[in-house]
Structure formats: structure tokens, C-alpha cells
Protein chains: 2
Amino acid sequence: MGMNPTVKDIAAKLNLSTSTVSRALTDHPDVKKETKRLVLKLARELDYQPNPIALSLKKNRTYILGVIIPETSISFFSKAISGIQEVASKAGYQVMICSSHDSVDIERQNVQTLLNSRVDGLIISVSRETQDVNHLARILDKRLPTVFFDRICEELQSTQVVADNFAITFRATEHLITTGRKRIAYIAGPQNLYNSRKRLEGYKAALQKYKLPIDDDLIIASHYEGENVKTYTDYLFNLNRQIDAIFAINDRTAIEMIHLIKQRQVKVPEDIAVVGFNNERFSAFFDPPLSSIDHPAFEMGKTATELLLQHIADDQFPIQKKVIKSDLIIRESSFKS
Amino acid sequence: MGMNPTVKDIAAKLNLSTSTVSRALTDHPDVKKETKRLVLKLARELDYQPNPIALSLKKNRTYILGVIIPETSISFFSKAISGIQEVASKAGYQVMICSSHDSVDIERQNVQTLLNSRVDGLIISVSRETQDVNHLARILDKRLPTVFFDRICEELQSTQVVADNFAITFRATEHLITTGRKRIAYIAGPQNLYNSRKRLEGYKAALQKYKLPIDDDLIIASHYEGENVKTYTDYLFNLNRQIDAIFAINDRTAIEMIHLIKQRQVKVPEDIAVVGFNNERFSAFFDPPLSSIDHPAFEMGKTATELLLQHIADDQFPIQKKVIKSDLIIRESSFKS
DNA sequence: TAAGGGAACGATCCCGGGATCGTTCCCAGA
DNA sequence: TCTGGGAACGATCCCGGGATCGTTCCCTTA
């Protein structure tokens, strides 16, 4: 059978006590060299591996990090997961991932599940629905090391890793304005999300800097899914406001919009400039190549994990708020030289 | 502090023994109703949760499934992970994911890590480099329930979940042929992968059925990354073979190729029809909309997990080989009515 | 020669639960 | 009055390791 060998097995075969075997395996000085040799040899033969569960029970540490995100298959989060895993595995930690599917109820369950699993720390990006944060406050009450990233809760006193949402949206809007655009539609994300709020603020601030009016009709409170992209597009055209640019909350929306715009015989970027968000890999090959904001998903995952590990290693590690810089990538969809 | 309460804590506060508390919590008949009430009440107040590590140690089960895949951020695998997690969490299992980054060495480490973690079962999609399968055979030797999916090892006697690679590639090639294409280039994946082999066979079989020559010059043994897409494209054009169709191993390659083809003032689909693989969400909005094969990632993850759970529940559960049907989605990049 | 001391090992306990013993105590029946 | 039996609970052991005790020896030194 595939039973894993234990110190007891080794001890029995060598007529030793488990204590001696255990000491030999940890290279304790109280064991004769010859005995150590015998033990190590047999351990190798049996492919002995100490049972991590027994160690967890004893040390009250699992070497598992919990991760709660809205959806594993969203590209931003899957990249963040890569970053998390890279740092975690190098430090000898495993990662346990739960998706909330953007539901607070499931998020609550996830919290419970991971607390039960006795993870050593948590990395969280909250669901779109999350308003009440009691279940998250409970984690902090338990003093479980926790880092929020990307979709954070401003009201919680905890370490956070965010992108420079305001600055980058400001910059992208400024890019559109300085290349001659005046009526820039903005497809916003849900406004209960920190990210979406900051980004919208950046957009508005840029308009104000250049003394352009803020027209609420041009701001669409989208949801991330994009099922309604056609509705938004129709709405914007029916406004008859001579829109000359669109800033969309993500590349998928931007690309679907360009598709719909082209169907109306309107040209991108000549008539309407388009900027997306996330810089998906395919965006560079779109027609026209899509200008987009490179959201540093992998980097954020890495940073969040590094901070979490420091929290785990040191109780007194101070709460931090790290900002990871995004990058504006200008392609032909917004500017043709 | 955030210490988790134990039966011992409850027992102390109620002047009971841990045995009685334990029995009360598991609703054992040997406990007075009143005592049960007191215990359950206090357990609720303290937010008591049985320590899963202690249970794991005792029952020799972790309720964790291990997953080894090449890369979490590849869309196919991230969707598969969604499917795995959905089935697993419904059955009360957690999932532990390791990426091999398409390296055998890391894959070997992953196997070791997950075996050490004492997972209850494994779901594996092998790395691109995997030729020697000793590390995988070891798992089967240990009789650890294991399911391979998508990228399987034919030589291993184990349950497998695969797509109908041969059939769907045959069908897509047939689609190109029956719409008038005669010189169809094929961008293949690495031929040590089961998938890539089967797909290439499907392509060749379709050509044979319609008595078209199999021209090895038109078959490119690509790697998945796509950094060399430009090289491939240049190569195909320099062949001067009047290629009229391209079947690419994935949508990203297909889209980049279309981009490069259009730069040469060649029209898609009029001059060259293009079909991709994976049906990424953005592919429908590309210009022209990309024909692609819908690879059932989520479904495969689900099925693999269901089979794994059955293996875990029943030692004698017979080895199975399940085929999940793909779908050919015809859009304008391959056929314009 | 007896005491001291270190080398090398065994025995025990702990982590947190469940399972299986064993122990009270009370009450019914002979 | 003695016994049997069940109700209700406590004590112990186990899972697999590490840590801390305790125990042999044997050898050195006063």
C-alpha cells in the first residue's frame, strides 16, 4: 500500500526508539554518527517525509496562505495568482484559493472556510457586492495577518496593495485631451469598488485641469461583465453629443465597443479615440491596436505576498499601503501619428 | 488574542471533561440534553470550530485536492481551475494549485510538495517538457487517486479526461476544405504533447479524406508562446505556395497572424482563411471575428474533479477515459457568406 | 574507590480532536 | 438487601512528530 512511512516504522526496523530516530533526522548532537547514518539511509530507502499535518498541529502553523478573489478565470486575478504563488512557494508556503464569484455571501463562506483551514495569512480582493465588511473585520480581530490588494476596503485598518488608479486614469484622460479630444465618454466600474471610484476621480480631475465640463451623461456606471456593451454604445450614439473619445473600464469592453463603432461606419481613432484598461495580451494585435493601461497584476500579487510574509514573520510589522505603478500604453486606437 | 478555542477551553469553562464536550458537539447519546445545550451555547459564543488539522492527523485525510498545471494564468487552465474548484468546494474539499511553468523539474517538485502535503487526490495536466514520467508513475504506485486532464500521459494507467482533439481538428479542417481551401497551413503545438499529436492527426486525416496532399512544409511545430509568430508568418509567405488557409494552435497566435497578414495587404478571409483554437472571449470581436474551437476547459475541470472524488470515495473505482466534446465556432475569419 | 560527568539512548508529554475504555451513581427487580 | 443495568460522565490512548525529561553506561579524576 501507499502508506507513508513514519518515524515509528523506522524505529521498529532499526530497534531504536522514536526519540532517537527523530533526533537523528534533525541532526541532533545526542546521536552517534553510526546511528544517524543508519537512520538516514533507511529514511531515504523508505522515502520518508515528515508528516506536515503533525507538524502543523504541533507548531500551530500550516504554511498555507489563503487567497480570496472574485474569479480565478479573470485575467487580472489569474496573473495576480501567479505572482502570489511565485513568492509563496519560494518561501515554502502553499496557497489555497477561493473564488467569491463576486458574491458577498460566498465571500463570507470563503472567509469561514479559510479560517477553519487555519491558514497562516490571507490575501483578499473583495467582491463587487461587498459593502458590509463585518466578516472581514472579524479576520483582523482575530489578528490573522491579512493583506488586501486591488479591490481593498478603505475603512479597514490593514495592509493594502493598490494600483495608482487615480494617477493613471488622470494620465490617460490627459493623453486624450492633449491629443485634441473634448467629449470623452467614460465607462466606469461599479462605484462601491474603491478602484472604480479612484479611477473616476482621476478622469474628472483631468477634465477639470483642462477646464472641460464634466458631463454626467457621458459617464456610464457599467458592470464588469460587458453583456451590456451594446446598450452603452447605442446610448452614447443616441445622445448626439459628438463624442470623440471613449475610456473603457477594461479591454474587453473597449474592444467590443470598437467592434460596434466600426459597424456604424465610424472610424477609430479618427472619429473616436478609445482607451482600455488591463492591457490584455491580444490588445496589441487588435485593429486598430488598442491603447490600454497596463495594470500590474503579477507585481501586485507578488508585493501583497511579500508584505503578508513579513506580517507573518513579525507580529509588530506596521500596517502599510503600497502603490504599484501602472503604465499607459499608447497605441493606434487613441492616437495615430 | 486570536487563538482559536478548543474543546479544552469549553470543558474548562463548564467544568466538564473534554470527552463530554466532544460528545456533546457530535451529538452523542451519552450526554444529557441540558449539558449539550450548555456546550453548544458556549461553542457558539466562542465561535468554536473543530481544528481540521487535528482531524486530518487522526483520519489521515486532508480534504485537500492537489492540482498541477503548466500555468495558472493561461486562460484554458484558469477556466479549468474554476471548474475544479466548483466541484471540489461543493463536496467540502479545498484545492491546492501548483504551476509547473512548463518545466519538468518544477513539476517533479510540485509532485513532491503535494505528496508531502498529504493531499487526498491529484489532478494533473503535464508540462510541455514532460517525457520521463517516473515522478508521475510514483504517484500511481502510492495508490494516490489521480486524474490526468487535457495534457495526459498515454503510457500511464490512470483515469483521463481529454477533449476530442482528433475529431474537432478533423472537423475544422474539413470546414476549411469544404469552403474551398486547398493549401492549409497548420501551426502545431509541441509534438511530445498528446493533444498536439492528436490534433495534427485530425488535420492530416481530413486532408487525406479529401485527397489533398499533406505538405510538411505547411506544418509548423510551434511552441505555445507565440513569440515567433512573426517568424512563422514570414516563413509561410516566403514559401510562395499560395496558402489559402491557416489553422493555428490557439487564438492568440491566430490573431497575431491575422494582424501580420493584414499588414501585408492580404485579406482575411478572402485570400486566407484563419481558424484558431480556444475561443477566447475577445475573439468574437476581432476584425474579422475569429473562427475558433471552443475547448471545454471548465467542463474538463469539473469532470476531472468528479472522477477524482469518486476515486477517493471508492478504492475499486475503475480507471476511466472520458472525452469532452469541443465545438467549432465559425465566424468571418474563415467563411464569409 | 567513589563521585562526577558526558555520551547515547529511552520514556513521556504535548498539539486537538475522536474513540474506547473505565467509573460513578441511581434505580429497578429479585 | 443485594445485584444488574443503564445513564452520564471522566480517563486514557491514538494520530506523528518534536521537546523535554529521565536513564543507563562508561570513563575520568580526586
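Both backbone and side-chain heavy atoms feed into the values below; hydrogens, waters and symmetry mates do not. Residue numbers begin at 1 in each chain, while the letters A, B, ... track the order of the sequences.
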Within a 6.0 Å radius of atom NZ on A:Lys41, are there more than 12 heavy atoms belonging to other residues, nucleotides or ligands?
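Counting neighbours around NZ of A:Lys41, 12 or fewer heavy atoms of other residues, nucleotides or ligands fall under 6.0 Å, so no.
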
How close or far is atom [atom2] of [N] from atom [atom1] of [X], stated in whole angstroms?
X	N	atom1	atom2	answer
A:Lys36	C:dC9	NZ	P	10 Å
A:Asn51	C:dC15	CG	P	18 Å
B:Arg61	D:dG16	CZ	C1'	19 Å
B:Leu16	C:dT24	CG	P	18 Å
A:Lys8	C:dT12	NZ	P	14 Å
A:Lys32	D:dT24	NZ	P	18 Å
A:Asp27	C:dA8	CG	P	13 Å
A:Asn60	D:dA19	CG	C1'	16 Å

So what does [X] hit on the nucleic acid, given a heavy-atom distance under 4.0 Å: a base, only sugar-phosphate, or nothing?
X	answer
A:Leu55	sugar-phosphate
B:Ile53	nothing
B:Lys59	nothing
B:Ser56	nothing
A:Asp9	nothing
B:Pro52	nothing
A:Leu25	nothing

A:Phe317 vs A:His311 aromatic rings, parallel, tilted or perpendicular, using cut-offs 30° and 60°?
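Judged by the thresholds at 30° and 60°, the geometry between A:Phe317 and A:His311 is perpendicular.
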
[X] vs [N]: side-chain N/O to OP1/OP2 distance below 4.0 Å:
X	N	result
A:Ser22	D:dG18	yes
B:Lys58	D:dC13	no
A:Thr6	D:dC15	no
A:Tyr48	D:dG16	no
A:Thr18	C:dG10	no

Base of C:dA11, side chain of A:Ser19 - is there a donor-acceptor contact under 3.5 Å?
yes

Do the side chains of A:Asp105 and A:Arg108 get close enough for a salt bridge, i.e. N-O under 4.0 angstrom?
yes

Considering heavy-atom distances to DNA chain C, does B:Val7 or A:Thr20 have its closest nucleotide positioned more toward the 5' end?
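The residue closer to the strand's 5' end, by nearest nucleotide, is A:Thr20.
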
Closest nucleotide of DNA chain C for B:Asp30 versus for B:Pro50: which of these residues is on the 5' side?
B:Pro50

If you only use heavy atoms from C-beta on, which nucleotide in D:dG10, C:dG16, D:dG18 is closest to the side chain of B:Ser17?
D:dG10

Closest approach to the side chain of B:Arg23, judged atom by atom: which nucleotide of C:dT20, C:dG17, D:dG18 is it?
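The closest nucleotide is C:dT20.
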
Quiz question: by atom type and distance under 3.5 Å, do the side chains of A:Glu107 and A:Thr130 form a donor-acceptor pair?
yes

Check: B:Ser99/A:Gln85 side-chain N/O donor and acceptor closer than 3.5 Å:
yes

Tell me, do A:Ser56 and A:Arg118 make a side-chain contact under 4.5 Å, heavy atoms counted?
no

Quick check on DNA chain D: between B:Ala54 and B:Val31, whose nearest nucleotide comes earlier from the 5' end?
B:Val31

